[in-house]
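One structure below.
For ligands, and for the atoms within them, numbers begin at 1 and follow the listed sequence.
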Amino acid sequence: MSDDTITTSIAENIGTLSINRPKALNALNSATLEKLSSRFADLETNDDVHVIVITGAGDRAFVAGGDIADLASRGGLEHYLEFAELIHEVFRQIEVCKKPTISAVNGWALGGGVELILATDIRVAVEDAALGLPEITLGLFPGAGGSQRLLRQISPCQAKELMFTGDRISAREALRIGLVNKVVSREELMPEVMKTAQKIASHSPLVLQLLKRNLTHGQDMPLAAALAHEQAMIGLVLDTADAHEGCSAFLEKRPAEFRGK
Ligand code: DAK
């Protein structure tokens, strides 16, 4: 399925969504965000899709940020708030998606591009990608959830330096500070992402969903409540046919056949 600015494909239980505005280095304007939301929902609700990969079209950019021309054309607080609501909703939709998500960072990830990867579970970047939050150089600050997510995902002093300076960092530096999981050559990017996605997709899709729900809800709870939540969730998992199948397969020394039940 495809349209102008967002393309999607599905193969081997992996849904891939590509942001496709290469002339603007895949910058996100309102129309693209709306399409991103609806195409992402299509993948999330499709039972054939167990893992969702997000990438950028072309070989220059993942996403070079919010669309600066679109932002500059907005007059007045109402317009900013309208955009704020949309981009917050879409990134939250991605963050709480019940299926695991992977960012394939194929080039520049700046501003809203970094804010987008912060809403995904796993990130693999090409070695010549550069990442950063340059909003401050535009008289803005990361306002699509990025200031808060970054602060909670990496060391606060590293997060603050990135936001206060607006500096761009290399993919290797992003790996060092824990912003991405892996750095690979350009040729290796999609094979590596697909290898990880296939490994995840080979597990029970039902148990993966329960695990993701457990992590998404648990991370915002105090530890005692999160532990109680985890205990309740593992109770649900133990009752699934897939948990019985996984344990029986181990004891019978055969590969498990998960059915998502
Ligand atoms: N927006 C719009 N167009 C962009 C763009 C962007 N973010 N980034 C690049 N482009 C366009 C360029 O204008 C250029 O268009 P033409 O001149 O060809 O028409 C084309 O993409 C190619 O870019 P360059 O010619 O600049 O290519 P270079 O290789 O020389 O440089 C670059 C690549 C990525 C270093 C450079 O393009 C660049 O610095 N881009 C801007 C990066 C940036 O500052 N990104 C952060 C954007 S601010 C909000 C929530 C979120 C946000 C805002 C508000 N609310 C809740 C209200 C988010 C803000 C941001 O992300």
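Using a 4.0 Å threshold on non-hydrogen atoms, atom 53 (C) of ligand 1 counts as touching the protein. Within the 4.0 Å cut-off (strictly below), a protein heavy atom is located near atom 7 (N) of ligand 1. The protein reaches atom 45 (N) of ligand 1 closely, with a heavy atom under 4.0 angstrom from it. Contact annotation for atom 48 (S) of ligand 1: protein present (non-hydrogen atoms, distance under 4.0 Å). The nearest protein heavy atom to atom 13 (O) of ligand 1 is not closer than 4.0 Å. For atom 37 (O) of ligand 1, the nearest protein heavy atom lies under 4.0 Å away. Counting protein heavy atoms under 4.0 angstrom from atom 19 (O) of ligand 1 gives zero. Note that atom 40 (N) of ligand 1 has no protein non-hydrogen atoms nearby, at separations under 4.0 angstrom.
Distances between N or O atoms of Ile87 and those of ligand 1 include no value under 3.5 Å. In terms of polar-atom proximity, Ile68 is counted as a contact of ligand 1, with an N or O under 3.5 Å from an N or O of the ligand. Polar contact with ligand 1: present for Ala64 (N/O pair, distance under 3.5 Å). Polar contact with ligand 1: absent for His88 (N/O pair, distance under 3.5 Å).
In terms of protein heavy-atom proximity, atom 29 (O) of ligand 1 is nearest to Arg60 NH2, 2.5 Å. Residue, atom and distance of the protein heavy atom nearest to atom 35 (C) of ligand 1 are Arg168 NH2, 3.4 Å. At the shortest separation from atom 4 (C) of ligand 1 among protein heavy atoms lies Ala24 O, 3.8 Å. In terms of protein heavy-atom proximity, atom 23 (O) of ligand 1 is closest to Leu25 CD1, 3.6 Å. Here the protein heavy atom with the shortest distance to atom 16 (P) of ligand 1 is Lys23 O, 4.8 Å. Protein heavy atom in closest approach to atom 55 (N) of ligand 1: Phe83 CD2, 3.8 Å.
In this model, no donor atom of one side chain and acceptor atom of the other lie less than 3.5 Å apart for Thr101 and Thr120. A donor atom on one side chain and an acceptor atom on the other are not found under 3.5 Å apart for Asn20 and Thr5. Between the side chains of Glu188 and Ser185, a donor-acceptor pair is found at a separation under 3.5 Å.
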**Request:** Starting from the C-alpha separation in whole Å, work towards a yes-or-no answer on salt bridge (charged side-chain N to carboxylate O under 4.0 Å, His left out) for Glu192 and Lys182.
**Result:** CA-CA 9 Å; Glu192 182 62 38; Lys182 224 173 261 178; 2.8 Å; yes
**Request:** Tell me, with the steps shown, if Arg92 and Glu89 meet salt bridge (charged side-chain N to carboxylate O under 4.0 Å, His left out).
**Result:** CA-CA 5 Å; Arg92 184 68 179 156; Glu89 271 174 19; over 6 Å; no
**salt bridge (charged side-chain N to carboxylate O under 4.0 Å, His left out) assessment of Lys212 paired with Glu95** = CA-CA 10 Å; Lys212 176 104 188 242; Glu95 183 174 45; over 6 Å; no
**Item:** Ser37/Gln93 under side chain to side chain donor-acceptor pair (under 3.5 Å): CA gap, chis, key distance, verdict
**Value:** CA-CA 8 Å; Ser37 176; Gln93 172 189 6; 2.8 Å; yes
**Request:** Go through Arg152 and Gln148 one step at a time and tell me if the side chain to side chain donor-acceptor pair (under 3.5 Å) criterion holds.
**Result:** CA-CA 6 Å; Arg152 286 160 174 75; Gln148 299 309 312; 2.9 Å; yes
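Grouping the Ile, Leu, Val, Met, Phe, Trp and Tyr side chains by contacts below 4.5 angstrom, directly or via other members, places Ile10 with Ile54.
By the neighbour-count criterion of 12 heavy atoms within 6.0 Å, atom CD of Gln153 is densely surrounded, having more than that number from other residues, nucleotides or ligands.
In this structure, CG on Leu33 lies 7.0 Å from CG on Asn29, to the nearest 0.5 angstrom.
Interface atoms of ligand 1 facing Leu110, defined by a heavy-atom separation under 4.0 Å, are 34 (C), 42 (C), 45 (N). With ligand atoms numbered from 1 in the order given, ligand 1 contributes 61 (O) to contacts under 4.0 Å with heavy atoms of Gly65. The atoms of ligand 1 that sit less than 4.0 Å from any heavy atom of Leu138 are 44 (O), 47 (C), 48 (S). For ligand 1 and Pro134, the ligand atoms under 4.0 Å from any heavy atom of the residue are 43 (C), 44 (O), 45 (N), 46 (C). When each atom of ligand 1 is checked for a heavy atom of Ala27 under 4.0 Å away, the hits are 1 (N), 2 (C), 6 (C), 7 (N).
Distances from atom 32 (C) of ligand 1 to the heavy atoms of Phe91, Trp108, Tyr80 put Trp108 nearest. With Gly66, Gly132, Gly143, Gly146 as candidates, the residue nearest to atom 58 (C) of ligand 1 on a non-hydrogen basis is Gly66.
Counting heavy atoms under 4.0 Å from ligand 1, residue Leu81 does not touch it at all. Proximity of Ala84 to ligand 1, defined as any heavy-atom pair under 4.0 Å, is shared by backbone and side chain alike. Under 4.0 angstrom from ligand 1, the non-hydrogen atoms of Leu71 all belong to its side chain.
Checking each of Val51, Ile200, Val180 against Ile122 for a side-chain contact (heavy atoms from CB on, under 4.5 Å) leaves exactly one that passes, namely Ile200.
A salt bridge links Arg172 with Glu127; the closest basic N to acidic carboxylate O contact falls under 4.0 Å.
Checking side-chain atoms of Thr165 against main-chain N and O of Asp167 turns up a donor-acceptor pair under 3.5 Å. At least one donor-acceptor pair closer than 3.5 Å links the side chain of Thr137 to the backbone N or O of Pro134. Judged by distance alone, with hydrogens and angles left aside, the side-chain atoms of Glu245 form a donor-acceptor pair with the main-chain N or O of Glu257 at under 3.5 Å.
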